[in-house]
Amino acid sequence: MIELDNIAYSYGGAELLSEISIRLTPGSFHFLTGPSGAGKTTLLKLCYGALLPTSGQVRLFDTDMRRLDRDQIALMRRRIGVVHQDCRFLDHLTLAENVALPLTVSGRDLAAEAGNLGELLNWVGLSARSDALPPELSGGERQRAALARAVIMSPDLVLADEPTGNVDWDMSQRLLQLLVELNRMGKTVLIASHDLALIRAAKTQVQARVLRISNRRLQLAGADL
Amino acid sequence: MIRGALSGLIAGDKQADRVVPPSGFTAQLTLFAAGAMGFLAVFALALSLASGRLADRWADELARSATLRISAPADQMTAQTNAALQVLRQTPGVQSARALSDAEQAALLTPWFGPDLPIETLPVPQLIEIVETPQGFDAAGLRLRLSAQVPGAVLDDHTRWRRPLVEAAGRLRALGLISILLIGAAMAAMITLAANAALSANAQVIEVLRLVGAKDGYIAQAFVRRFTFRALIGAAVGAFLGVCGVLLLPEASDEGGFLTGLGFAGLGWFYPLAIPPLGAVVAFVATGYAARRTLRGLS
Ligand SMILES: Nc1ncnc2c1ncn2[C@@H]1O[C@H](COP(=O)(O)OP(=O)(O)OP(=O)(O)O)[C@@H](O)[C@H]1O
Ligand SMILES: [Mg+2]
């Protein structure tokens, strides 16, 4: 599904990540953890092609990311659902239109997908808010909307960056529930989070592996997590 | 790729149009620029069409002829006429020379003296019609030779003074056409600036669109469609007002000459119809270029 082969990355200065190799098999559930500033977001960006590694190879669906031109990267993005850490939306579109944005930009017929969209909004509990504009949404509503937008194209791979970043414990449990459900539907899930309590809670529900970035390297966390 | 862009442009896409937020300032700038340019283009077009017509008409009259008038006592008239024809035949630049018959001369005088005048009995000068070659003849040299050989001859080349005017009218037509080109270029420049402003104001929007898998072509098209449409509307309104302005000019008349002739004639009325589509094409090309360049820069 996705393979990182001995990659390194730096934003120009000192190396932020080095000698990183991961392999996510279809249907697996992974957490990526580490202290703030360790490079979790950076590593996810490398995974969906927003950044290219300074060395090493990223292979997504058996394709070397370096070989892709911009249009091909755009096509690749449609096969991956990404929940961004800052969940950015288009503020002039309603929540429903924002969730449907991946369909719009890939030229799908929205009328044909209206049923799916309704179901999805219902699934994340946002049916009543579908006409609200993003600035009117609460933090938790934004994160649920971001998750809905990430999965509307039924991607095989879901990458979530701090999907429970600014919500209370109950809401973070609910969001985790949604991600676990996605995994049960067969999707590969990778969640970046520094919330250890959340990770522990997840491990009671799903077979999850925990990767930790420390000292620029990636290691498999022990059983204490 | 251009065909795809064009068909997408015409087909439109309500949903796709919504992904770029409505931008008041650049929209108004584009409408205004296209409107002003459409208006100006109508006048430049009218100017160049009218000066073209004028140049053609004057050139026509020029090509016609000069006249030689021979006033001589009746007994010398035939001799002098023949001498003059002889001189003219040997003058470079004269294509043909022909003495008018009595009947033709009578016809020329009729408006002044009525049809019953017995001109055979009057000392009317003999007229010789000269048709020039395109190069024309040397009037001063001809006068000199005529004065030596045909004392009663007067060369009247009254259409000559128009020669520089024909040239001026031709230049004016060229200036009108250059103005149209400059108007198009200025419009392209303004719309490019407006499009660049819109693109950079929407850098965040573009980033979100890319994150959800939009291709650059899709994003560019959303902008291009919008600007093209605005330029079309603006240029149509501007051209319409320009045509109204031309319509308000006084009717062309023979005495008025150039100024009142500044308008459209016949099929010329259809030319302004081309201004809005041309404005749209200019906007399409300019915005497409600006969008592709900006999108390549934003990564
Ligand atoms: N565009 C950038 N240019 C330069 N440095 C950057 C850039 N983005 C991130 N960094 C730096 O790289 C480091 C890792 O950033 P990153 O966002 O990947 O961390 P993170 O693990 O996601 O942190 P957090 O848990 O706070 O989200 C940070 O020190 C950050 O300042
Ligand atoms: Mg981060």
Side-chain angles (χ1 to χ4, degrees), chain A residues 41 44-45 48-52 68-94 96-114 117 133-135 142 145-146 148-153 155 159 161, chain B residues 1-28 197-226 288-299:
Chain A
T41 299
L44 286 189
K45 283 183 176 165
Y48 63 82
L51 299 174
L52 284 176
L68 302 180
D69 64 24
R70 298 177 86 109
D71 279 356
Q72 289 168 319
I73 287 185
L75 292 178
M76 194 63 95
R77 294 246 172 100
R78 299 177 188 175
R79 302 177 63 186
I80 316 168
V82 182
V83 180
H84 304 278
Q85 187 166 10
D86 46 5
C87 1
R88 275 207 246 119
F89 296 105
L90 298 184
D91 287 347
H92 63 288
L93 297 183
T94 64
E97 285 171 322
N98 266 292
V99 169
L101 199 57
L103 297 173
T104 306
V105 302
S106 49
R108 299 269 201 92
D109 180 11
L110 286 192
E113 310 271 354
L117 180 61
L133 295 176
R142 286 173 78 86
R149 184 177 71 183
V151 300
I152 190 148
M153 298 282 282
L159 304 175
D161 195 356
Chain B
M1 158 158 184
I2 296 222
R3 260 185 65 177
L6 222 57
S7 63
L9 188 81
I10 291 159
D13 180 346
K14 275 270 167 333
Q15 201 58 38
D17 283 341
R18 297 246 305 127
V19 302
V20 179
S23 40
F25 161 66
T26 54
Q28 282 154 18
L199 284 158
S200 29
N202 286 306
Q204 303 263 342
V205 170
I206 290 171
E207 202 189 329
V208 172
L209 289 175
R210 277 188 172 154
L211 287 175
V212 299
K215 292 186 188 176
D216 280 5
Y218 177 89
I219 301 171
Q221 220 187 68
F223 283 94
V224 168
R225 203 165 27 228
R226 197 168 276 197
Y289 170 74
R292 275 190 298 278
R293 227 185 37 161
T294 309
L295 286 173
R296 228 176 293 131
L298 288 174
S299 53

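Convention: sequence-line order gives letters A, B, ...; per-chain numbering from 1.
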Original post:
Would A:L90 and B:V20 satisfy side-chain contact (heavy atoms from CB on, under 4.5 Å), going step by step from the backbone distance to the final call?
Top reply: CA-CA 9 Å; A:L90 298 184; B:V20 179; over 6 Å; no
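Closest approach of A:V105 and B:V212 over heavy atoms only: CG2-O, 3.6 Å. Contact detail for B:V208 and A:R149: the closest heavy-atom pair is CG1-NH1, 3.9 Å. A:R77 and B:L211 get closest at one heavy-atom pair: CD-O, 3.7 Å.
At a threshold of 4.5 Å between non-hydrogen side-chain atoms, the residues A:L101 and B:L209 count as touching. Side chains of B:Y218 and A:T104 form a contact here, defined as non-hydrogen atoms less than 4.5 Å apart.
Applying the side-chain contact (heavy atoms from CB on, under 4.5 Å) criterion to A:A74, with sequence neighbours excluded, gives B:K215. Judged as a salt bridge (Lys or Arg N to Asp or Glu O under 4.0 Å), and not counting sequence neighbours, the contacts of A:D86 are A:R88.
Atom CZ in B:R210 sits 4.5 Å away from atom CZ in A:R70 (nearest 0.5 Å).
Most heavy-atom pairs under 4.5 Å with chain B: of the set A:D91, A:N98, A:L75, this distinction falls to A:L75.
When heavy atoms are compared at a cutoff of 4.5 Å, B:I219 does not approach chain A at all.
When atom types are taken as modelled, the side chain of A:R78 and the backbone of B:G213 share a donor-acceptor pair closer than 3.5 angstrom.
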